Amino acid sequence: QVQVEESGGGLVQAGASLRLSCVASGRPGGIFGMGWFRQVSGNDREFVAAITWNADSTYYGASVKGRFTISRENGKNSVFLQMNSLKPEDTAVYYCATRVWGGHDYYTEARGYDYWGQGTQVTVSS
């Protein structure tokens, strides 16, 4: 079993920055990738960003590309999502997810992940 925990959400004004953190525990050496999704109540979960575990590939959703950056902490099951130039439409609950299998398929889809965190709220005011 893998536990996933996000942190770093909050309330900011449009144009500001936030950095989300995610830590996965419970399966040393068994994490192959991590991703971020977001969801607004009543809508489907939207892909935000993902990174392979050796960081050879990163993926971004079209609405955040150029503003958000995903990175990982070497030697630890941690990833970060640096969010710059935030917009009111970025308001959502942000979820971190991990996958325990390899390959490059489905990184941008929820079915590509095995374990999910509880989410952290990001609110951007105009």
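Source: prediction; values computed, not measured.
- Side chain to side chain, Glu5 and Ser7 fail the donor-acceptor criterion of an N or O pair below 3.5 Å.
- By the criterion of side-chain heavy atoms lying less than 4.5 angstrom apart, applied directly or through intervening Ile, Leu, Val, Met, Phe, Trp or Tyr residues, Val12 is grouped together with Val122 in one hydrophobic cluster.
- In this structure, the side chain of Arg67 engages the main chain of Ser85 through a donor-acceptor pair within 3.5 Å.
- The two residues Asn84 and Ser17 make their nearest non-hydrogen contact at OD1-OG, 2.9 Å.
- Hydrophobic clustering, with ILVMFWY side chains joined whenever heavy atoms are under 4.5 angstrom apart, keeps Phe37 apart from Leu20.
- Between Tyr59 and Tyr107, the two ring planes are parallel [angle under 30°; tilted spans 30° to 60°].
- Dense packing is recorded around CG of Asn43, with more than 12 heavy atoms of other residues, nucleotides or ligands lying under 6.0 Å away.
- Using a 4.5 Å cut-off on side-chain heavy atoms (C-beta onward), Asp90 and Arg38 make contact.
- Of the possible polar contacts, none joining the Ser78 side chain to the Val23 backbone as a donor-acceptor pair under 3.5 Å is found.
- The shortest side-chain heavy-atom distance between Glu46 and Ser63 falls under the 4.5 Å cut-off.
- Criterion: ILVMFWY side-chain heavy atoms under 4.5 Å apart, direct or through other members. Under it, Tyr115 and Ile51 are part of a common hydrophobic cluster.
- Heavy-atom minimum distance, Cys22 versus Val4: SG-CG1, 3.5 Å.
- Within a 6.0 Å radius of CZ in Phe80, other residues, nucleotides and ligands contribute more than 12 heavy atoms.
- The shortest side-chain heavy-atom distance between Val2 and Asp114 does not fall under the 4.5 Å cut-off.
- Annotation: side chain of Cys96 is in contact with side chain of Met34 (closest heavy-atom distance under 4.5 Å).
- Between Glu6 and Leu81 the shortest side-chain heavy-atom distance does not fall below 4.5 Å.
- Under a hydrophobic-cluster definition in which Ile, Leu, Val, Met, Phe, Trp and Tyr are linked whenever side-chain heavy atoms come within less than 4.5 Å, directly or via other members, Met83 and Tyr95 are assigned to different clusters.
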Exercise for the section: Evaluate side chain to side chain contact (heavy atoms under 4.5 Å, CB included) for Gln121 paired with Thr91, printing each intermediate quantity in order. Expected result: CA-CA 8 Å; Gln121 176 71 46; Thr91 296; 4.0 Å; yes

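- Nearest heavy atom pair, residue Gly61 against residue Phe47, reads N-CE2, 3.5 Å.
- Closest approach of Pro88 to Ser126, counting heavy atoms only: CG-CB, 3.8 Å.
- Nearest approach of Leu18 to Leu86, heavy atoms of both residues: N-CD1, 3.9 Å.
- Aromatic rings of Trp36 and Phe68 (six-membered ring for Trp) have centroids beyond the 6.0 Å cut-off, not under it.
- When every heavy atom of Arg111 is checked against every heavy atom of Trp101, the shortest pair comes out as O-CZ2, 4.4 Å.
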